[in-house]
Amino acid sequence: MTSRGRATVKDGRQQPKLGRGVTPVKALQQLAGLGVTGALTVVGQPGGVIFLRDGLVNGVESPAAPSVDRLLTAAGVVDERVWETIPSRPARALVEGGHLTAAEVELCAINALYDAAWFVLSTERAELRFAPDIEHWLGAESTVTADQLCDHVARQRRILDEVHPSDVTDTAAIRPVLRPGLDRVLLSGLQWEIVLHADGQRTPQDLAGLLGRSAYAVTLDVRRLAAAGLIESPPPTVDEPPSSSAPSSTPSSSVDSASVPVAPAPSPAPSPASPPAASPTPATESAAAGRPVGSAPVNGGGEEFLPQRVPGTFTFEDPATDTRRHLPAGVTALAVLPGAIDKAPDDTLLKRIRSALQSLR
């Protein structure tokens, strides 16, 4: 490779210069058209590397998406110690060692390729570099064309925008909403894992690495949860500036007031005509604090209120209407998120339920 960023491919042709303003998609299409073999490095956020073999894409890596070894280890298919013993380009070694079949290796490699490609090709204001004659470390035989990869990424982006047009939660830390304003919610397994592990510090990409799941699938379900009002990004913390007011210094000639005993003031005698003060009730305390009757402040204060049980019953009072979260457009009191139901109802179970209801008449 020359100092100006041009390299010569095997047939003697030159690849185009990857200068400023060239997007990762455009660079990939140009390199694929020349049939090169090498690694296209995309420097940026999140960035990554695209590996080509004779103009075909046979691997993509990104720090925002779990790699093949992480996916296989998290799924319990390949033990972590196995990766320390197999040589480089381990696809063949995994098959020969009986850990995976050839079809399983190719399927996992394709899934990881498409998963990481969405983040790499979506990197904005990226710096591009190309190193020839470098192949992917896995050594899998599966490949896709550049057009297939770009079309798939465009379709992924369109699906995300259809689910929820805001991309605020794509790369930001997320946390569950304390009071979503929904009576019941039906989630899929992955959505429940996201809600369970979202702590306000992990991003969707962190959750994907923690759970060993597809980073794009996690990002898609995070958008679904955000559209239903179940997930939010915590507001940025603002450090308060130190107070400029300093306590006034006491002159050295002043007498220490703590050393002078002060006689306590006598308490006024109660008037016989005045009635005793009534002890405050929970209702009056709630009214004085400006919160709904029958509710208690969370953590001793704040604007969020928890319901209290109605005395003598097993029901709870709802907080006032103005304190409840307004439901987003298109979301009912029972939110069934896409992906939560993936099986048809059992006809036998439905018949048994119908028979039980008929016997109660």
Side-chain angles (χ1 to χ4, degrees), residues 45-46 62-66 70-71 74 115-116 118-119 122 156-157 159-240 291-292 295-308 316 318-341:
Q45 292 295 331
S62 175
R70 173 56 186 161
L71 293 173
D115 190 31
W118 184 78
F119 296 95
S122 300
Q156 287 177 317
R157 187 177 294 108
I159 293 174
L160 284 175
D161 293 336
E162 290 175 355
V163 169
H164 192 45
S166 175
D167 60 351
V168 175
T169 58
D170 286 356
T171 56
I174 56 175
R175 66 181 181 185
V177 175
L178 179 62
R179 296 295 302 272
L182 300 173
D183 297 331
R184 291 170 293 174
V185 178
L186 185 60
L187 304 177
S188 66
L190 177 56
Q191 291 165 358
W192 168 245
E193 289 185 89
I194 294 172
V195 174
L196 184 63
H197 293 89
D199 57 357
Q201 298 180 353
R202 296 188 178 105
T203 65
Q205 292 73 45
D206 297 334
L207 293 173
L210 176 67
L211 303 175
R213 307 295 288 267
S214 164
Y216 175 79
V218 172
T219 304
L220 179 61
D221 270 347
V222 165
R223 282 214 189 185
R224 287 170 174 162
L225 293 168
L230 302 176
I231 284 291
E232 65 180 0
S233 297
T237 57
V238 180
D239 297 334
E240 296 183 358
R291 63 175 184 264
S295 62
V298 180
N299 297 328
E303 298 181 356
E304 296 285 347
F305 302 102
L306 295 179
Q308 290 185 338
F316 288 82
D318 288 335
T321 305
D322 55 352
T323 63
R324 299 199 65 181
R325 181 185 178 94
H326 295 288
L327 299 180
V331 178
T332 60
L334 173 61
V336 182
L337 272 66
I341 301 178

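Numbers here are sequence positions counted from 1.
Side-chain atoms of R202 never come within 3.5 Å of backbone atoms of A208 as a donor-acceptor pair (strictly under, hydrogens ignored). Checking side-chain atoms of Y216 against main-chain N and O of Q156 turns up a donor-acceptor pair under 3.5 Å. Between the Q205 side chain and the D170 main chain, a donor and an acceptor come within less than 3.5 Å of each other.
Scanning all heavy atoms of the two residues, the minimum distance from Q201 to D206 falls at O-OD2, 4.2 Å. Nearest heavy-atom pair, A173 versus T203, reported as atom, atom and distance to 0.1 Å: N-CG2, 3.8 Å. Contact between A215 and P66 at its shortest, heavy atoms only, is CB-CD, 3.9 Å. The shortest heavy-atom contact between P63 and P46 is CG-O, 3.4 Å. The shortest non-hydrogen separation linking T219 to P204 is OG1-CB, 4.1 Å. Closest approach of R157 to S122, counting heavy atoms only: NH2-OG, 2.8 Å.
A salt bridge does not link D115 to R213: none of the charged side-chain nitrogens sits closer than 4.0 Å to a carboxylate oxygen.
For the atom pair H164 NE2 and L220 CG, the distance stands at 12.0 Å (nearest 0.5 Å). Annotation: the span from L211 atom CG to I194 atom CD1 amounts to 7.5 Å, rounded to 0.5 Å. Note that the CD1 atom of I231 and the CZ atom of R175 stand 10.0 Å from one another [nearest 0.5 Å]. Residue L230 holds its CG atom at 5.5 Å from CG of L182, rounded to the nearest 0.5 Å. Annotation: the span from D167 atom CG to L160 atom CG amounts to 9.5 Å, rounded to 0.5 Å.
Looking at heavy atoms from C-beta onward, D221 lies out of side-chain contact with L187 at the 4.5 angstrom threshold. With contacts defined as side-chain heavy-atom distances shorter than 4.5 Å, the pair I174/L207 qualifies.
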